[in-house]
Novice: 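The structure is given below, and queries will be raised subsequently.
All heavy atoms count here, side chains included; hydrogens, waters and symmetry mates do not. Counting starts at 1 for both ligands and their atoms, in listed order.
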Amino acid sequence: MVVMKFGGTSVKDPDAIRRLARIVAREQGISGVPVVVVSAMSGITDQLLDAVAAVERGDAEGAARRVTAMRDRHRAAAEALLTAGERRDLVIDALERQWRETASLLHAMSVLREVSPRSRDAVLAMGELASSRLVAAALTDLDLPAQCVDARCVLVTNADHGHAQPDPAPTAARLHEHVLPLAKAGIVAVLGGFIGATADGVTTTLGRGGSDYSASLFGAGLHASAIQIWTDVDGMLTADPRVVHGARPLPSLSFAEASELAYFGAKVLHPSTIAPAVAGGIPVRILNSHRPEVAGTTITANPPLPEAPLTGLACKRDITVIDIRSTMMLAAYGFMRRVFEVFERHRTSVDVITTSEVSVSITIEDRRALDAIVRDLSAFAEVGVESEMALLCAVGERLRLEPGLAARVLGALDEFPLRMVSQAGARRNLTVVLPQAQLQAAMARVHERFCLEVQPVAEVVA
Ligand code: ADP
Ligand code: ASP
Ligand code: MG
């Protein structure tokens with residue numbers, strides 16, 4: 001069995017959903033009945049967040065207006081996709097009811113003037129609940145019997161709203177209870193990604209972009225033969241195409257490389273997607289729903305080494321560097337522990353760390369607790385903060401195998417003011433931190449020199 005995940009742009013309108021149906025039908029002909037995971041239609045999660053923000057500002061009318069727009073978009077898609085008749089009426093009614101429920105939820109939140117992480121998740125889940133209902137109905141209408149399964153009855157998580165942690169064992173049990181029997185009966189189960197619920201049924205979400213993670217959890221729980229991530233580009237590219245002109249698709253990639261690229265900013269894959277696939281030994285493929293004939297990227301444990309020195313680059317903007325200099329005696333032990341306790345207390349994760357004898361530099365992405373972190377660190381250290389920095393991460397198995405490569409990459413960046421440089425023990429990545437204004441030029445330089453395949457020298461015919 002194959003688990004197929006379609007992102008927001010792959011379900012964004014009736015044409016996209018018809019393309020999805022053709023892709024699912026083709027897969028069904030090859031490997032049997034698949035399980036389908038869908039994101040909300042593109043832009044819907046942002047609109048739901050806007051509606052919540054409107055409630056927070058006391059703008060109940062603004063929130064209601066957004067719900068009406070989302071309801072109209074889903075209704076128009078259902079009318080365009082489904083043949084007139086009882087099934088269409090039932091689906092449209094169910095969607096109407098769902099958007100009414102969304103409006104009541106937002107109304108209650110604005111009366112109480114209270115937006116909690118829990119109520120925010122209840123609202124955010126509506127996007128995937130609606131798209132999964134719509135896609136299941138559309139598949140059935142196009143002669144691919146399908147049924148929507150409420151992912152909140154399947155994906156069990158803890159109660160960490162907004163970035164809930166899944167619990168794989170009960171999730172696998174529920175997949176066997178609710179999803180497997182459908183596939184065995186020849187019915188495509190369609191589940192919303194990104195959403196789950198606690199063991200006692202309170203709605204949770206996995207964090208932005210989390211549908212990829214849902215798909216790999218379902219793939220692992222069902223012992224799928226492959227996890228397909230259908231998106232709007234030709235696979236994992238050598239760099240973010242919005243940053244580097246001429247980024248090219250990678251035919252293959254190792255699990256470890258894909259994890260590094262995703263963790264350091266390659267948005268095409270949620271960073272948690274790889275772990276369940278590794279645990280289950282399941283290949284992950286990234287494919288383009290606009291061009292299903294393109295081979296895409298296959299991610300496995302040990303793919304062949306690429307020709308180019310580096311496999312790919314990732315980057316993150318809006319990084320903050322915190323320099324922490326000990327005011328205690330030189331090399332006093334316990335210093336690092338105190339530093340990391342501060343970040344733990346303020347629930348802020350750190351990306352890159354470099355140290356010298358008396359100082360440590362740390363990068364963070366989430367600045368919400370910055371003031372409190374600086375205050376707490378200042379109790380035992382001198383602290384400096386630099387914002388508008390960026391992180392450039394070069395990834396490739398060859399960094400581990402070819403001793404001079406990291407030095408050559410750094411050499412290519414000799415004109416750039418590198419603020420931090422780091423290469424961890426696994427040595428598959430080399431990360432540098434530099435001013436954000438220089439990121440694009442630095443990415444272009446490294447990409448051009450290290451990510452494009454070595455071109456064979458043309459033979460000169462006399
Ligand atoms: P989906 O809605 O299908 O989940 P996303 O928008 O989350 O799609 O991810 C796809 C986007 O990720 C691409 O359109 C591209 O702009 C961006 N992206 C960033 N880095 C990379 C990369 N290395 N390879 C491919 N896409 C990337
Ligand atoms: N709809 C969610 C988001 O926009 C999850 C996803 O698309 O993966 O973040
Ligand atoms: Mg995504």
Side-chain angles (χ1 to χ4, degrees), residues 4-12 16 19-20 23 37-50 70 120-121 123-132 135 151 155 162-164 191-196 204-218 227-251 253 257-273 284-291 294 296-297 299 310-317 391-396 439 443 447 451:
M4 310 174 78
K5 178 262 172 176
F6 293 86
T9 47
S10 305
V11 293
K12 72 169 190 226
R19 267 198 303 274
L20 172 157
I23 293 169
V37 179
V38 290
S39 290
M41 293 170 103
S42 61
I44 292 290
T45 308
D46 288 332
Q47 264 174 289
L48 288 164
L49 277 170
D50 284 350
M70 290 185 272
R120 187 190 303 270
D121 271 358
V123 172
L124 284 188
M126 295 299 180
E128 269 71 10
L129 289 174
S131 63
S132 53
V135 167
L155 183 57
H163 29 81
L191 297 99
F194 174 62
I195 62 176
T204 55
T205 63
L206 303 182
R208 294 306 304 268
S211 295
D212 302 331
Y213 190 17
S214 300
S216 74
L217 287 160
F218 296 158
I227 297 159
Q228 300 178 351
I229 306 289
W230 290 87
T231 182
D232 61 354
V233 281
D234 283 350
M236 177 71 86
L237 307 180
T238 45
D240 186 335
R242 295 162 301 180
V243 180
V244 174
H245 183 71
R248 62 174 177 85
L250 292 159
L253 189 64
E257 290 171 321
S259 286
E260 297 281 1
L261 288 169
Y263 181 77
F264 285 104
K267 186 190 171 217
V268 68
L269 207 58
H270 185 279
S272 304
T273 313
V284 176
R285 295 187 65 195
I286 305 179
L287 297 146
N288 190 344
S289 68
H290 299 265
R291 302 183 347 124
V294 172
T297 300
I299 309 170
L310 291 176
T311 304
L313 307 180
C315 59
K316 280 188 184 178
R317 294 174 195 273
L391 185 158
L392 183 165
C393 176
V395 173
L439 175 69
M443 287 281 283
H447 189 264
C451 295

Novice: With a cut-off of 4.0 Å, which atoms of ligand 1 are near a heavy atom of G8?
Specialist: 2 (O)
Novice: Using a 4.0 Å heavy-atom cut-off, say whether E128 meets ligand 2 through its side chain, its backbone, both or neither.
Specialist: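 The side chain, only.
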Novice: Please say whether M236 places an N or O atom under 3.5 Å from an N or O atom belonging to ligand 1.
Specialist: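 Checking ligand 1 against M236, no N or O pair falls under 3.5 Å apart.
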Novice: Out of curiosity, is H270 lining ligand 1, as in a heavy atom under 4.0 Å away?
Specialist: no
Novice: Here's one to test your reading of the geometry: is the NZ or CZ of K5 within 45 degrees of the ring axis of Y213 and under 6.0 Å from its centre?
Specialist: no
Novice: So which of L269, L253, T238 actually passes side-chain contact (heavy atoms from CB on, under 4.5 Å) with L261?
Specialist: L253
Novice: Please determine whether any non-hydrogen atom of S39 lies less than 4.0 Å from an atom of ligand 1.
Specialist: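 S39: no contact with ligand 1 (<4.0 Å).
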Novice: Between the main-chain N or O of G235 and the side-chain N or O of T297, is there a donor-acceptor pair closer than 3.5 Å?
Specialist: no
Novice: Within a distance under 4.0 Å of any heavy atom of T45, pick out the atoms of ligand 2 and give their elements.
Specialist: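 So the atoms of ligand 2 that pass are 1 (N), 2 (C), 3 (C), 4 (O).
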Novice: Roughly how far, to the nearest 0.5 Å, is the CG atom of D212 from the CG atom of L206?
Specialist: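 Spacing of CG (L206) from CG (D212) equals 10.5 Å.
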Novice: Would you check, one step at a time, whether the test side-chain hydrogen bond (donor to acceptor under 3.5 Å, both in side chains) holds for T204 with D121?
Specialist: CA-CA 5 Å; T204 55; D121 271 358; 5.4 Å; no
Novice: Looking only at distances, can you tell me whether any N or O atom of G209, backbone or side chain, sits closer than 3.5 Å to an N or O atom of ligand 2?
Specialist: yes
Novice: Looking only at distance, does R208 have an N or O less than 3.5 Å from an N or O of ligand 2?
Specialist: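 Between R208 and ligand 2, an N or O pair is found under 3.5 Å apart.
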Novice: Have a look at L237, D232, N288 and point out the one with the heavy atom closest to atom 22 (C) of ligand 1.
Specialist: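 Closest candidate by heavy-atom distance is L237.
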Novice: Measure the spacing between CG of L392 and CZ of F264 and express it to the nearest 0.5 Å.
Specialist: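 One gets 11.0 Å once the value is rounded to the nearest 0.5 Å.
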Novice: Can you find a non-hydrogen atom of P241 under 4.0 Å from ligand 1?
Specialist: yes
Novice: Any donor and acceptor pair, going by atom type alone, linking the side chain of S214 with main-chain N or O of F194 inside 3.5 Å?
Specialist: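 Between the backbone of F194 and the side chain of S214 there is a qualifying donor-acceptor contact (under 3.5 Å).
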Novice: Taking heavy atoms and a distance under 4.0 Å, where does R208 meet ligand 1: side chain, backbone, both or neither?
Specialist: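 It is neither; nothing of R208 touches ligand 1.
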Novice: Under 3.5 Å, N or O to N or O, is D212 touching ligand 1 that way?
Specialist: no
Novice: Short list, please: which atoms of ligand 2 are under 4.0 Å from a heavy atom of G210?
Specialist: 5 (C), 8 (O)
Novice: I'd like to check whether K267 has a polar contact with ligand 1, where a contact means an N/O of the residue lying under 3.5 Å from an N/O of the ligand.
Specialist: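 Indeed, backbone or side chain, K267 has an N or O that close.
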Novice: Below 4.0 angstrom from a heavy atom of F194, which ligand 2 atoms are there? Numbered from 1 as shown, please.
Specialist: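 Checking each atom against F194, I get 2 (C), 5 (C).
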Novice: Using a strict cut-off of 4.0 Å, indicate which atoms of ligand 1 neighbour a heavy atom of A239.
Specialist: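 Numbered from 1, ligand 1 contributes 22 (C), 23 (N).
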Novice: Please list, in number order, the atoms of ligand 2 under 4.0 Å from a heavy atom of S39.
Specialist: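 Once the distances to S39 are compared, the set is 6 (C), 7 (O), 8 (O).
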Novice: With side-chain contact (heavy atoms from CB on, under 4.5 Å) as the test, pick out the partner of M4 among V37, I23, I227, V38.
Specialist: I23
Novice: Decide whether the shortest distance between a heavy atom of S211 and an atom of ligand 1 is less than 4.0 Å.
Specialist: no
Novice: So which protein heavy atom does atom 6 (C) of ligand 2 come closest to, and at what separation?
Specialist: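 Looking at atom 6 (C) of ligand 2, the protein heavy atom closest to it is S211 OG, 3.3 Å.
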